Q: 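Sharing a structure, written as structure tokens. Questions coming.
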Number of protein chains: 2
Amino acid sequence: MAAQRGEGDGVVTRPQGTSPAGTSPQGTTNSEAPADVRERARAIPEAAVARLAVYLRVLSGMVEQGVTTISSEELAGAAGVNSAKLRKDLSYIGSYGTRGVGYDVEVLVSHIERILGLTRKHSVAVVGIGNLGHALANYGGFPSRGFPVAALFDIDPDLTGVPVGGIPVDHIDDITTVCAEREVSIGVIATPPQAAQAVCDRLVSAGVQCILNFAPVVLQVPDYVEVRKVDLAVEMQILSFHVARRADEAAGDVVNGIGVDGVVIRP
Amino acid sequence: MAAQRGEGDGVVTRPQGTSPAGTSPQGTTNSEAPADVRERARAIPEAAVARLAVYLRVLSGMVEQGVTTISSEELAGAAGVNSAKLRKDLSYIGSYGTRGVGYDVEVLVSHIERILGLTRKHSVAVVGIGNLGHALANYGGFPSRGFPVAALFDIDPDLTGVPVGGIPVDHIDDITTVCAEREVSIGVIATPPQAAQAVCDRLVSAGVQCILNFAPVVLQVPDYVEVRKVDLAVEMQILSFHVARRADEAAGDVVNGIGVDGVVIRP
DNA sequence: TCAACTTTGTGCAAGCGTTCACAAGCGGTA
DNA sequence: TACCGCTTGTGAACGCTTGCACAAAGTTGA
């Protein structure tokens, strides 16, 4: 087992001096979640949130296998992290382990789900029904994990009304009304780069506050909107960097020629 | 403009005490790149590498628009980062700016491309020709950016020989020979989760050292293999967390009820 | 009941990455 | 040539994240 990187490893990139909306911890509590849970959630590092999602998936698998209890060491191994880090991550959401025993899998699952806000359904709208949009609309992983795809949009009038993955495509001009009607809380942009910013603006004005962007563009959004991006080209280029670095290291360490151009080197 | 997170923001997650192969900077140099460039490349933080890829895309757009010179402030704005960070990132690859003027766009492009190893072509193999695999095979962004898709694999014999995006699908059993023949350096896993680890093992034994994993599984690989993962479910759950946190904050700040369940709040 | 063993939860220190702030350097202008 | 304004490059401070190490707390078995 070795380096495992990527996805949303949590370093925040805020332009300007924008701070994460420092609301004072006052006022009468009136939510479904108790005050201390809210307080905790606010303090969880972004990096830890990403890992919690991974732990959750591993734990879900455990539940299916009938595992009822798991130690930090085991869970950490399965999730590909250090056990100390895992325990610290879990401590952010509370102390739900039993010393000398480990964690009750189901208890942990329910607490992580609560912290991640998965007790509520989050309707998703996919914009741009090209290759990727099709794949996303048909992707079974969304609905099964509490993210029902509630709407599809495209600019092509020929697609309007055509069902994809069981949901009829709406025209992009109807974003505002349809998103409001179906209470969409997450927008997924799978359009060509040229259209992405315009689509993003429409989603924002339709009240969508969370966006997952597959278009290779840096979106400009208001402060209160959360954007995450998945950029395949960037991922490939990071891998390319490592290929190059490796080849260079090999060229520097190994004597003359070996390790250059396709010869496999295993340090 | 506001929070822009995600993708490969560069926090390294290494299990155990694995260190990034600390090869001593000695031996006679024999690569295409000069020694100081190699030395630099080794020291670039992962997070900076991810951003360099973004800068590169922005700069490519600039070239097309005929821009010849750009200041750190402008480029930073377009890339959605702080200008100090941008300058530091660029300083990792060398001093190619002119004080009082800015950076020559084309010079910068060529240096970033060199550092990212984009002067060499990196052949890509996509494994798993389902919805996502189809989308990836047809995705124009890969070949145009120096990542030609050289091979497709699936376990379904009915697919074998069928061309997708112009490339015939090979059977998964032929991974080793085909990857070697076509000098594949990057493997993309787009299979169902159950198959991912097995596919990964085959890719590794075929000599592939860089893997982009779309399957929602934590892959176990040897130290010398670089894995990046793109996990849609995790991305969605991180967004979900922010939706929840926001709703909670609103519930705490706003008096009674407003902001809960779908009512749009703009701080 | 007590001792031995196991595993959690966390204070603390080290390591990275980000941000600040400013000296150094370059082009333009008189 | 000397000055001025602008922009880069970077040392240093800061803050977040990680990893270590250990006390606290629970279980098991005699």
Side-chain angles (χ1 to χ4, degrees), chain A residues 3-5 8-20 22 40 42-52 55 68-77 79-105 107-108 111, chain B residues 3-5 8-20 22 40 42-52 55 68-77 79-105 107-108 111:
Chain A
Q4 192 96 339
R5 308 169 180 184
D9 291 334
V11 175
V12 179
T13 315
R14 276 180 189 275
Q16 326 294 38
T18 320
S19 69
R40 261 182 219 281
R42 196 168 306 180
I44 303 178
E46 188 80 6
V49 173
R51 287 190 298 267
L52 282 172
Y55 305 153
T68 56
T69 293
I70 194 168
S71 72
S72 63
E73 203 72 45
E74 290 174 284
L75 182 52
V81 302
N82 179 305
S83 74
K85 197 192 291 186
L86 176 119
R87 287 199 300 277
K88 183 143 287 186
D89 286 346
L90 293 183
S91 80
Y92 289 128
I93 67 173
S95 305
Y96 302 116
T98 308
R99 294 167 195 236
V101 179
Y103 299 89
D104 182 292
V105 176
V107 169
L108 217 46
H111 280 109
Chain B
Q4 192 96 339
R5 306 167 181 187
D9 291 334
V11 175
V12 180
T13 315
R14 277 180 187 275
Q16 324 295 39
T18 319
S19 71
R40 261 182 218 282
R42 196 169 305 179
I44 302 178
E46 188 82 7
V49 173
R51 287 191 297 267
L52 282 172
Y55 305 153
T68 57
T69 293
I70 194 168
S71 73
S72 64
E73 202 71 45
E74 290 174 283
L75 182 51
V81 302
N82 179 305
S83 75
K85 196 191 289 186
L86 176 117
R87 286 200 301 277
K88 180 137 288 187
D89 287 345
L90 293 183
S91 80
Y92 290 128
I93 67 173
S95 304
Y96 303 115
T98 307
R99 294 168 195 237
V101 179
Y103 300 88
D104 182 293
V105 177
V107 169
L108 216 46
H111 280 110

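Keep in mind that this is a model prediction, so the values were computed, not measured. In what follows, every chain begins at residue 1, and chains take the letters A, B, ... in the order their sequences are listed.
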Q: Below 4.5 Å, heavy atoms only, C-beta onward: do Leu75(B) and Leu108(B) meet side chain to side chain?
A: yes
Q: Any idea which of dT18(D), dA21(D), dA21(C) is nearest the Ala84(A) side chain?
A: dA21(D)
Q: Rounded to whole angstroms, how far apart are CG on Asn82(B) and P on dT7(D)?
A: 16 Å
Q: Can you list the steps and then say if Leu52(A) with Leu90(A) is a side-chain contact (heavy atoms from CB on, under 4.5 Å)?
A: CA-CA 8 Å; Leu52(A) 282 172; Leu90(A) 293 183; 4.1 Å; yes
Q: Using a cut-off of strictly less than 4.0 Å, decide whether Arg51(B) has a side-chain nitrogen or oxygen near OP1 or OP2 of dT18(C).
A: yes
Q: For every nucleotide of nucleotides 25-30 of chain D, 5' to 3': is a protein heavy atom under 4.0 Å from its base (B), only from its sugar-phosphate (S), or from neither (-)?
A: BSS---
Q: If you take atom types as modelled and just measure distance, does the side chain of Lys88(B) reach the base of dT19(C) with a donor-acceptor pair under 3.5 Å?
A: yes
Q: On the nucleotide dG9(D), are OP1 or OP2 found under 4.0 Å from the side-chain N or O atoms that Tyr103(B) carries?
A: yes
Q: Quick check: closest heavy atoms across Ile44(A) and Ala48(A), and the distance to 0.1 Å?
A: CG2-CB, 3.9 Å
Q: Select one nucleotide: of dT18(D), dT18(C), dA21(D), the one nearest the side-chain heavy atoms of Lys85(A).
A: dT18(D)
Q: By nearest nucleotide on DNA chain C, pick out whichever of Gly97(A) and Asp89(B) is the more 5' one.
A: Gly97(A)
Q: Compare the minimum distances between each of dT8(D), dC20(D), dT18(C) and the side chain of Ala47(B), then state the nucleotide with the smallest one.
A: dT18(C)
Q: Out of dG11(D), dG17(C), dT8(D), which has the shortest distance to the side chain of Ser72(B)?
A: dT8(D)
Q: Calculate the interatomic distance between Leu90(B) atom CG and dT18(C) atom P; express it in whole Å.
A: 14 Å
Q: The criterion is side chain to side chain donor-acceptor pair (under 3.5 Å); which residues satisfy it with Tyr103(A), sequence neighbours excluded?
A: none
Q: Would you please name every residue forming a side-chain contact (heavy atoms from CB on, under 4.5 Å) with Ser83(B), sequence neighbours left out?
A: Ser72(B), Glu73(B), Ala76(B), Arg87(B)
Q: Evaluate side-chain contact (heavy atoms from CB on, under 4.5 Å) for Tyr55(A) paired with Val81(A), printing each intermediate quantity in order.
A: CA-CA 10 Å; Tyr55(A) 305 153; Val81(A) 302; 3.7 Å; yes
Q: So which nucleotide from dG9(C), dT19(C), dT8(D) ends up closest to the side chain of Ser91(A)?
A: dG9(C)
Q: Grab the CD1-C1' distance between Ile70(A) and dT8(C) for me, whole Å please.
A: 14 Å
